[in-house]
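Reading through the structure tokens given below for one structure.
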Protein chains: 2
Amino acid sequence: MRSTKQRNIILDIINSSYEHLDAYGVYEKAREKIPNISLGTVYRNLNSLENAHLINVIFDGSDKLRYDRNENHQHFICTKCHKIIDIYDLDFKNVKTYQNNLVMNYKIVLEGICEECQKEE
Amino acid sequence: MRSTKQRNIILDIINSSYEHLDAYGVYEKAREKIPNISLGTVYRNLNSLENAHLINVIFDGSDKLRYDRNENHQHFICTKCHKIIDIYDLDFKNVKTYQNNLVMNYKIVLEGICEECQKEE
DNA sequence: AATTAAATAGTAATCATTACTAGTTGGAAG
DNA sequence: CTTCCAACTAGTAATGATTACTATTTAATT
């Protein structure tokens, strides 16, 4: 992965934001620095940065993905308005509520490379 | 939520399958029972069943969502081929591997209704 | 049996994301 | 420093999963 002006700016936007931006939001912020940056470039870099484990994707239940810093924390996601709240103090012994948010269920996903894909190439 | 033939069959397909079907896969299985069922009906019912917490959605990193039984278990998802593996014996003390799958990172999401949305109606 | 809101089939529309193309550039190797 | 080329970019077109729409049907209550 080469270091380009576009990629560095996109990574910086994600790392310095606490807004859980979607691709278009990143695009808008990136245009402040590079006015003619292409939306396709933003998508391509968000994907490659995610593959390189430099940023994270969040599926919030809406039709668009959101992007997040690569920092150890968890999320509460509202199933009505799709708001994302960062969690730094998760206590699994009592998760019926988190602060004043009502928790209905939780999901744990391990991500990685499966046995078959490890064998390839 | 009314009980319809279509909705009951869709719920039954999800509950009796271990394949983590996507919407089109559910549609294909549903057509075996109701040949002229509409794809829109499948999408609409998958959404309403999920809102009613009768089934679960899984985001596997691909461009389509997948649907799962509402049963307490977790998932390993391969970031290369998007394979989903059910986990019934998650041990958080050692998650560098799960069986022979290499775990790169994990995500925990609490889902529910945020403080603001609880106030509404 | 009448009523009506919710659901359906079939089709059209949306729009987030990806693909494509011609031109540009990072950075490795001489 | 120059050459070189795979990786990258801007701009635009295409894709396709999902949702919206409309006329008709139906669950289930009174």
Side-chain angles (χ1 to χ4, degrees), chain A residues 1-14 19-52 54-68 77 79-82 84 121, chain B residues 1-14 19-52 54-68 77 79-82 84 121:
Chain A
M1 190 161 68
R2 291 200 320 211
S3 166
T4 67
K5 189 180 171 190
Q6 290 83 347
R7 177 167 295 145
N8 295 336
I9 284 174
I10 289 167
L11 179 56
D12 194 55
I13 288 169
I14 301 294
E19 294 178 60
H20 310 102
L21 295 164
D22 61 17
Y24 201 86
V26 175
Y27 172 60
E28 287 180 316
K29 279 195 188 296
R31 277 201 297 185
E32 295 170 9
K33 299 281 177 62
I34 308 174
N36 71 328
I37 193 171
S38 173
L39 182 56
T41 297
V42 172
Y43 272 102
R44 193 167 7 80
N45 278 303
L46 288 171
N47 281 334
S48 52
L49 289 168
E50 208 260 327
N51 286 334
L54 296 173
I55 63 173
N56 285 307
V57 197
I58 310 173
F59 172 67
D60 69 357
S62 78
D63 58 349
K64 57 189 81 166
L65 298 175
R66 294 166 71 174
Y67 293 89
D68 197 17
I77 301 181
T79 53
K80 277 197 168 180
C81 70
H82 303 132
I84 300 176
E121 154 250 12
Chain B
M1 191 162 70
R2 291 198 321 207
S3 166
T4 67
K5 188 180 170 191
Q6 289 83 344
R7 177 166 295 146
N8 294 337
I9 283 173
I10 289 168
L11 179 57
D12 193 56
I13 287 168
I14 300 294
E19 295 178 61
H20 309 102
L21 296 163
D22 62 18
Y24 201 87
V26 175
Y27 172 61
E28 288 180 317
K29 279 195 189 294
R31 277 202 295 186
E32 296 170 8
K33 299 283 178 60
I34 309 175
N36 72 327
I37 192 171
S38 173
L39 183 56
T41 297
V42 172
Y43 272 103
R44 193 166 7 81
N45 278 303
L46 288 171
N47 280 334
S48 52
L49 289 168
E50 208 261 327
N51 286 335
L54 296 173
I55 64 173
N56 285 307
V57 198
I58 310 174
F59 172 67
D60 68 359
S62 79
D63 59 347
K64 57 189 81 164
L65 298 175
R66 295 167 72 174
Y67 294 89
D68 197 18
I77 301 181
T79 54
K80 277 196 168 181
C81 70
H82 303 132
I84 300 177
E121 153 242 13

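Keep in mind that the numbers below use all heavy atoms, side chains included, and drop hydrogens, waters and symmetry copies. To find a chain, count down the sequence lines: A is the first, B the second, and so on, and within it residues start at 1.
- When the P atom of dC8(D) is taken as reference, atom CD1 of I9(A) falls 16 Å away, rounded to whole Å.
- Listed nucleotides dA7(C), dT18(C), dA28(D) differ in distance to S3(B); the shortest reach to its side chain belongs to dA28(D).
- Contact between L65(A) and F59(B) at its shortest, heavy atoms only, is CD2-CZ, 3.6 Å.
- For the pair K64(A) NZ and dT18(D) C1', the computed distance is 14 Å after rounding to whole Å.
- Atom CG of L39(A) is separated from atom P of dC20(C) by 17 Å (rounded to the nearest Å).
- Distance from the side chain of A23(B) is smallest for dT18(D) among the nucleotides dT18(D), dT18(C), dG10(C).
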Worked verdict on D68(B) versus I84(B) for side-chain contact (heavy atoms from CB on, under 4.5 Å): CA-CA 11 Å; D68(B) 197 18; I84(B) 300 177; over 6 Å; no

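- Of the two residues contacting DNA chain D, namely V42(A) and Y24(B), the nearest-nucleotide position lying further toward the 5' end is that of V42(A).
- Distance check: I10(B) CD1 to K33(B) NZ gives 11.5 Å after rounding to the nearest 0.5 Å.
- Going from atom CZ of F59(B) over to atom P of dA16(C) covers 15 Å, rounded to whole Å.
- How far CD1 of I14(B) is from OH of Y67(B): 8.5 Å, rounded to the nearest 0.5 Å.
- Remark: L46(A) CG to L54(A) CG distance equals 11.5 Å, nearest 0.5 Å.
- Atoms CG and NZ, on D12(B) and K29(B) in that order, are 11.0 Å from each other to the nearest 0.5 Å.
- Atom CD1 in I37(B) sits 7.0 Å away from atom CG in N45(B) (nearest 0.5 Å).
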Using the 3.5 Å cut-off, write out each protein N or O paired with an N or O of nucleotides 4-6 of chain C and the distance between them.
| from | atom 1 | to | atom 2 | distance (Å) |
| --- | --- | --- | --- | --- |
| dA6(C) | N3 | R2(B) | NH1 | 3.3 |
| dA6(C) | N3 | R2(B) | NH2 | 2.9 |

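- With distances taken from any side-chain atom of R44(A) to the nucleotides dT18(D), dC8(D), dA7(C), the minimum falls on dC8(D).
- Distance OH (Y43(A)) to P (dG11(D)): 17 Å, rounded to an integer number of Å.
- Dashed line: the shortest gap from a side-chain N or O of T4(B) to OP1 or OP2 of dA27(D) is not under 4.0 Å.
- Between the side chain of S38(B) and the base of dG10(C), a donor-acceptor pair under 3.5 Å is found.
- Note: CD (Q6(A)) to P (dG23(C)) measures 18 Å, nearest angstrom.
- Straight-line distance from the CZ atom of R31(B) to the P atom of dA9(C): 12 Å, rounded to whole Å.
- N45(A) has its CG atom 14 Å from the C1' atom of dG26(C), to the nearest Å.
- Judged by closest nucleotide on DNA chain C, K5(B) is the one of K5(B) and D63(A) placed further toward the 5' end.
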